[in-house]
Amino acid sequence: MAPRQLQGTDSPREPVAAGWTGAFVVGLGVYILVAILLTLPEAEPDGALDVFNLFSDFPPSVLTAILAGAAARSSRDAAARRTWWLM
């Protein structure tokens, strides 16, 4: 399947799971779903679940910062690049 062309641009559109950034996005989505499912039950939390609840937001934060940096590096527009770096 050929990438779709965006209206008014020269660059083709890539599928979501293309390349390493796509793998990060898919992995991030899976991690977030698993984290939600682990924290939803109303069971008595044990020590491991308490530690997981404390630090479960760290991996998505790091992956989001890496993805923002990758978007900034690949951006051709200076204003968009600056915006991605500030995120």
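Side chains are part of it too, since the values below use all heavy atoms of this structure and drop only hydrogens, waters and symmetry mates.
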(Q) My understanding is that a hydrophobic cluster links ILVMFWY residues whose side chain heavy atoms are under 4.5 Å apart, including indirect links. Using that, what else belongs to the cluster containing Phe55? (A) Val51, Leu54
Side chains of residues 66-74: which donor-acceptor pairs under 3.5 Å do they make with residues two or more places apart or in other chains?
| residue | atom | partner | partner atom | Å |
| --- | --- | --- | --- | --- |
| Ser74 | OG | Ala70 | O | 3.2 |
| Ser74 | OG | Ala71 | O | 3.3 |

**Q.** Heavy-atom pair of closest approach, residues Pro59 and Tyr31
**A.** CG-OH, 3.7 Å
Q | All side chain to side chain contact (heavy atoms under 4.5 Å, CB included) counterparts of Ile36, not counting sequence neighbours | A | Ile32, Leu40
**Q.** Over all atoms of both residues, closest heavy-atom pair of Arg81 and Arg76
**A.** NH2-O, 3.1 Å
Q) So if you build clusters from Ile, Leu, Val, Met, Phe, Trp, Tyr with side-chain heavy-atom gaps below 4.5 Å, do Phe24 and Phe58 land together? A) yes
Q) Between Thr64 and Pro60, what is the shortest heavy-atom contact and its length? A) OG1-O, 2.7 Å
